[in-house]
Amino acid sequence: MPGHFTFYSNQIEGDMAWFSEAEAKHAIQVLRYGVGEKIEFTNGLGIRFEGEIATTSKKDFSAKITSRVEENKPNSIHLFMGVLKAGDRMEWAVEKCTELGVETIVFVSTKNSERAKVNLERMNKVAMSAMKQSHGAFLPEILQLTFDESMRWGDGKKSNKVIAYCEFAEMDQAEKIKDLALPAAVFIGPEGDFTREEVEKAYSNGWKILMLGDQILRSETAAVSVTAALRMLHL
């Protein structure tokens, strides 16, 4: 019997679930699960399932659902992150923030971003792997927006919106992590930070300045650190 693994299915009807070719490769070919064996899986929307494998092939497999439990949704954290030059650094941030239960990850093209496009398909694969590895039940929504689009995000939503900026002159007026209530949207800049104009635009759109201390953090470090701090503070 293989060890404890979590799988993913978004094709569920009644008491049956069907799994993709990628899941079949992992479960059937690599881990050697067979018909009749018990598995645990999630739909990425907060429901955990237990089931028994009903059919297998190289391209897919199915399972009969034996139980389901709906998990409590964690307090919402929405991460906005300036697009970085190195894709692997963004992947690392996605992996860790998924483990920490971030609800939304938005890559934003800013003035200092050194690349235009983010491979969202790849980022979703990284997030799915992280969710399964950490036995999570919620798959974050991952998307890319322009800076102006991101400014309009949250209109009508009850979220505290903060933007981290290294050169804010009046840091005594900035928000502190320990005082930030959830749900919250946190905006982390790219290499080279935001421009002053971007920060002023964010401020005029209801984003408050967030203080992260005197030491300059790499963008992905800041993203994960803020997420971890918020999650630990609001367990």
Side-chain angles (χ1 to χ4, degrees), residues 1-74 77-79 81 83-107 115-145 220 223-224 227-228 231:
M1 171 69 71
H4 182 198
F5 295 90
T6 297
F7 299 99
Y8 170 77
S9 172
N10 61 355
Q11 301 179 67
I12 298 171
E13 294 183 15
D15 63 352
M16 293 297 297
W18 289 265
F19 298 80
S20 68
E21 184 174 353
E23 292 295 273
K25 182 177 180 180
H26 184 210
I28 309 305
Q29 297 185 48
V30 176
L31 298 176
R32 302 296 183 184
Y33 276 94
V35 171
E37 291 193 284
K38 297 180 179 180
I39 62 169
E40 295 181 7
F41 58 99
T42 179
N43 62 355
L45 300 174
I47 302 179
R48 296 183 187 277
F49 300 88
E50 291 185 351
E52 293 181 357
I53 294 179
T55 63
T56 65
S57 74
K58 290 184 178 180
K59 292 191 174 182
D60 58 27
F61 74 98
S62 67
K64 181 178 177 59
I65 297 169
T66 56
S67 69
R68 65 186 76 199
V69 175
E70 187 169 353
E71 294 290 314
N72 292 325
K73 189 175 183 179
I77 301 173
H78 307 280
L79 173 67
M81 185 175 181
V83 175
L84 306 182
K85 182 178 181 180
D88 60 338
R89 290 168 57 190
M90 291 188 288
E91 289 178 17
W92 182 81
V94 167
E95 179 183 76
K96 301 309 172 189
C97 289
T98 299
E99 292 175 19
L100 290 164
V102 168
E103 182 173 330
T104 315
I105 301 174
V106 184
F107 291 101
R115 63 188 291 174
K117 287 286 187 179
V118 175
N119 187 338
L120 295 181
E121 181 179 357
R122 172 61 184 165
M123 295 301 169
N124 275 290
K125 288 181 179 178
V126 170
M128 186 182 298
S129 178
M131 177 189 67
K132 296 190 298 180
Q133 183 70 31
S134 60
H135 303 297
F138 292 92
L139 188 65
E141 179 184 16
I142 302 178
L143 59 156
Q144 183 174 5
L145 298 177
E220 69 274 23
V224 175
T227 300
R231 183 56 70 220

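- When all heavy atoms of R32 and E37 are compared, the pair lying nearest together is O-OE1, 3.7 Å.
- Side-chain contact between D60 and T55 is absent, with no heavy-atom pair separated by less than 4.5 Å.
- The one candidate from F19, F61, F7, Y8 that meets the ring pair (Phe, Tyr, Trp, His ring centres under 6.0 Å) condition with F41 is F19.
- With rounding to the nearest 0.5 angstrom, the CD1 atom of I28 is 12.5 Å from the CD atom of E21.
- E99 places no side-chain N or O within donor-acceptor distance of the main-chain N or O of G136, the cut-off being under 3.5 Å.
- What you find for C97 and A223 is that their closest heavy atoms are SG-O, 4.1 Å.
- In this structure, CZ on F138 lies 8.0 Å from CG on N72, to the nearest 0.5 angstrom.
- The structure places CG of L79 at 15.0 Å from NZ of K96, a figure rounded to the nearest 0.5 Å.
- The CD atom of Q11 sits 12.5 Å away from the CG atom of N43 when rounded to the nearest 0.5 Å.
- When side chains are defined from C-beta on, E50 does not count as touching K38, because their heavy atoms never get closer than 4.5 Å.
- The two residues T56 and I53 make their nearest non-hydrogen contact at CG2-CG2, 3.5 Å.
- Smallest separation of non-hydrogen atoms from I65 and G14: CD1-O, 3.9 Å.
- With S9 contributing its side chain and W18 its backbone, the two residues share a donor-acceptor pair below 3.5 Å.
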>> Evaluate E103 against K73 for salt bridge (charged side-chain N to carboxylate O under 4.0 Å, His left out), listing each step before the verdict.
In response: CA-CA 9 Å; E103 182 173 330; K73 189 175 183 179; 3.3 Å; yes
> Hey, mind stepping through E40 and R48 against side chain to side chain contact (heavy atoms under 4.5 Å, CB included) and telling me if it holds?
Replying inline: CA-CA 7 Å; E40 295 181 7; R48 296 183 187 277; 6.0 Å; no
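- Here the side chains of M81 and I105 are not in contact, with every heavy-atom distance at 4.5 Å or above.
- In this structure, Y33 OH and I39 CD1 are separated by 7.5 Å, a value rounded to the nearest 0.5 Å.
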> side chain to side chain contact (heavy atoms under 4.5 Å, CB included) between T42 and M131: does it pass, once the steps are laid out?
Replying inline: CA-CA 9 Å; T42 179; M131 177 189 67; 3.7 Å; yes
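- Between M16 and A54 the shortest heavy-atom distance is CE-CB, 4.1 Å.
- In this structure, T98 contributes its side chain and V94 its backbone to a donor-acceptor pair below 3.5 Å.
- At distances below 3.5 Å, at least one donor-acceptor pair connects side-chain atoms of Q144 with backbone N or O atoms of V118.
- Contact annotation: the side chain of I77 approaches that of R231 to within less than 4.5 Å [non-hydrogen atoms, C-beta and beyond].
- Closest non-hydrogen pair, T227 versus V102, comes out as CG2-CG2, 3.3 Å.
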> Going through the distances and angles, do V106 and H78 end up as a side chain to side chain contact (heavy atoms under 4.5 Å, CB included)?
Replying inline: CA-CA 8 Å; V106 184; H78 307 280; over 6 Å; no
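- In this structure, CD on E220 lies 12.0 Å from CD on E91, to the nearest 0.5 angstrom.
- Heavy atoms of other residues, nucleotides or ligands lying less than 6.0 angstrom from CD of Q133 number 12 at most.
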>> Determine whether M90 and V83 satisfy the following criterion, side chain to side chain contact (heavy atoms under 4.5 Å, CB included), listing intermediate values before the conclusion.
In response: CA-CA 8 Å; M90 291 188 288; V83 175; 4.3 Å; yes
